[in-house]
Amino acid sequence: MELFHTLNRGVDKRNIFLDDNDRFRFIHNLYEFNDQNSLSNNARVFKSSQLSNMAGRELESKRKPRKLLVDIHCFCLMGDHYHLLLNPRVEKGVSKFMKKLNMGYAKYFNHKYKRTGTLFESRYKSVPITSESHFVHIPYYIHLNPLDFFSPEWRNRTIKKPKAAVEFLESYRWSSFPDYIGRKNFPSVTSRGFLLKFLGGVRNYKSETVSWIRDMDFDSISGLVLE
């Protein structure tokens with residue numbers, strides 16, 4: 001299986017998610033654009049009530065069943081960027097999915113905020129996961145990114161309360177971490193079985209995350225973080 005850690009950032013490091021509706025919209029797009037079929041009306045701005053109904057539920061689609069471009073194993077939304085862990089389901093699946101995702105969200109964002117021009121600083125960044133050590137560590141790194149909002153010193157390996165940090169991650173809705181520990185958040189977006197099989201399952205993932213925070217091994221993912 002080919003795995004890729006992908007990231008894209010707002011141009012000039014501008015925030016690309018300005019409110020929860022934007023975050024819901026992007027997560028909705030992760031689901032909707034993961035399809036070989038074409039889509040229309042992708043700039044439509046959802047009402048808050050519609051977006052709120054997506055939380056904690058399977059995302060539903062009234063169109064024909066999707067033909068997936070990629071498996072989305074992990075995701076995390078930050079302020080000015082996002083992280084994904086993907087594997088292609090079809091030839092050039094990652095590039096096709098990322099093009100649809102970025103173009104679709106930029107179209108929505110520019111329509112909503114009445115702006116023009118480029119939203120993202122580049123096409124996107126992507127690095128392949130080529131070793132078992134990379135594979136074991138990168139999901140934890142992606143899921144720990146929101147600690148920038150809670151305890152920024154985590155990047156210096158100086159978190160004093162790992163359990164409190166994980167409790168924050170558990171409450172952070174804009175990542176796949178809650179689903180990985182069995183809290184239904186956006187379960188239809190991600191394919192979790194493959195990683196959970198190797199990372200100890202739902203019951204162990206939370207405790208293993210605490211352990212990873214305590215023993216952070218950034219050397220094992222050198223060159224993969226894309227920051």
Side-chain angles (χ1 to χ4, degrees), residues 1-7 27 30-31 34 55-56 58-59 68-78 81-89 93-94 97-98 125-151 154-227:
M1 177 184 292
E2 294 180 290
L3 283 169
F4 296 87
H5 176 205
T6 67
L7 174 149
I27 291 172
L30 287 175
Y31 178 88
N34 189 11
E58 297 289 330
L59 297 179
L68 299 184
L69 290 166
V70 297
D71 285 317
I72 303 172
H73 296 280
C74 301
F75 71 86
C76 178
L77 279 54
M78 299 296 289
H81 69 284
Y82 64 83
H83 294 266
L84 304 173
L85 184 62
L86 310 172
N87 77 267
R89 293 280 294 264
V94 170
F97 172 69
M98 295 298 291
K125 296 178 181 179
S126 178
V127 60
I129 310 301
T130 58
S131 72
E132 183 176 347
S133 63
H134 292 165
F135 167 74
V136 169
H137 293 290
I138 198 65
Y140 295 113
Y141 172 78
I142 290 174
H143 284 153
L144 261 61
N145 260 257
L147 292 181
D148 287 351
F149 303 128
F150 175 75
S151 186
W154 78 275
R155 293 183 182 272
N156 298 322
R157 311 181 193 186
T158 57
I159 290 184
K160 297 179 179 179
K161 297 181 179 180
K163 289 185 178 180
V166 172
E167 287 174 1
F168 172 79
L169 296 176
E170 190 173 353
S171 68
Y172 186 79
R173 301 188 62 194
W174 316 114
S175 97
S176 50
F177 181 77
D179 287 309
Y180 267 86
I181 61 172
R183 294 192 60 181
K184 193 173 181 181
N185 193 35
F186 299 105
S188 58
V189 172
T190 50
S191 301
R192 300 178 299 283
F194 178 72
L195 284 180
L196 286 174
K197 179 180 178 181
F198 290 93
L199 299 177
V202 170
R203 292 185 178 182
N204 292 325
Y205 192 75
K206 184 174 180 177
S207 61
E208 289 298 318
T209 301
V210 174
S211 297
W212 202 89
I213 291 174
R214 286 174 174 156
D215 304 326
M216 284 181 217
D217 187 4
F218 282 118
D219 293 338
S220 294
I221 53 173
S222 177
L224 297 178
V225 298
L226 296 176
E227 301 291 351

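One is the number of the first residue; the rest follow in order along the sequence.
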* Among Phe4, Phe194, Tyr141, which one satisfies ring-ring contact (aromatic ring centres under 6.0 Å, His included) with Phe135? -> Phe194

* For His73 against Ser176, the heavy-atom pair lying closest together -> O-OG, 4.3 Å

* Asked: Of the non-hydrogen atoms in Asn145 and Trp154, which two are nearest, and what is the gap between them?
  -> CA-CZ2, 3.9 Å

* To do: Return the orientation label for the Tyr205 and Tyr180 ring planes: parallel under 30°, perpendicular over 60°, tilted otherwise.
  => tilted

* What distance separates Leu169 CG from Leu144 CG, expressed to the nearest 0.5 Å? -> 5.5 Å

* **Flag side-chain contact, heavy atom, 4.5 Å: Leu85 against Leu195** => yes

* 4.5 Å side-chain heavy-atom contact, His5 and Cys74 -> no

* Quick one: sort the Trp212 and Tyr140 rings into parallel, tilted or perpendicular, breaks at 30° and 60°. => parallel

* Asked: Once you round to the nearest 0.5 Å, how far does CD of Glu132 lie from NE2 of His137?
  -> 9.5 Å

* Asked: Do you know which two heavy atoms are closest between Met78 and Tyr172, and how far apart they sit?
  -> CA-OH, 4.2 Å

* Structure fact -> Note: Val210 and Pro162 closest approach over all heavy atoms is CG1-CB, 3.9 Å

* Structure fact -> For Ser175 and His143 the tightest heavy-atom approach is OG-CD2, 4.1 Å

* Would Asp148 and Arg155 count as a side-chain contact (heavy atoms from CB on, under 4.5 Å) if you check the C-alpha gap in whole Å, the side-chain angles of each, and the deciding distance to 0.1 Å? -> CA-CA 8 Å; Asp148 287 351; Arg155 293 183 182 272; 3.0 Å; yes

* Apply side-chain contact (heavy atoms from CB on, under 4.5 Å) to Ile159 and Leu147, showing your working. => CA-CA 10 Å; Ile159 290 184; Leu147 292 181; 3.7 Å; yes

* Could you tell me the separation between the OG1 atom of Thr6 and the NE2 atom of His83, rounded to the nearest 0.5 Å? => 9.5 Å

* Candidate pair Thr209 and Ile181, rule side-chain contact (heavy atoms from CB on, under 4.5 Å), full reasoning -> CA-CA 10 Å; Thr209 301; Ile181 61 172; 5.7 Å; no

* Structure fact -> In this structure, CG of Leu196 is separated from CG of Asn204 (nearest 0.5 Å) by 10.0 Å

* To do: Give a yes or no answer on whether the side chain of Asn185 reaches the backbone of Asp179 with a donor-acceptor pair at less than 3.5 Å.
  => no

* Nearest-0.5 Å distance that lies between atom OG1 in Thr190 and atom OH in Tyr31 -> 12.0 Å

* Could you go step by step and tell me if Phe186 and Leu30 meet the side-chain contact (heavy atoms from CB on, under 4.5 Å) rule? -> CA-CA 10 Å; Phe186 299 105; Leu30 287 175; over 6 Å; no

* **Phe150 and Phe168 aromatic ring geometry - parallel, tilted or perpendicular at 30°/60° bounds** => parallel

* Non-hydrogen atoms of Leu199 and Val136 that approach each other most closely -> CD2-O, 3.9 Å

* Structure fact -> So NZ of Lys125 and CE of Met98: to nearest 0.5 Å the spacing works out to 12.0 Å

* Side-chain (Asn34) to main-chain (Leu68) donor-acceptor, under 3.5 angstrom -> no

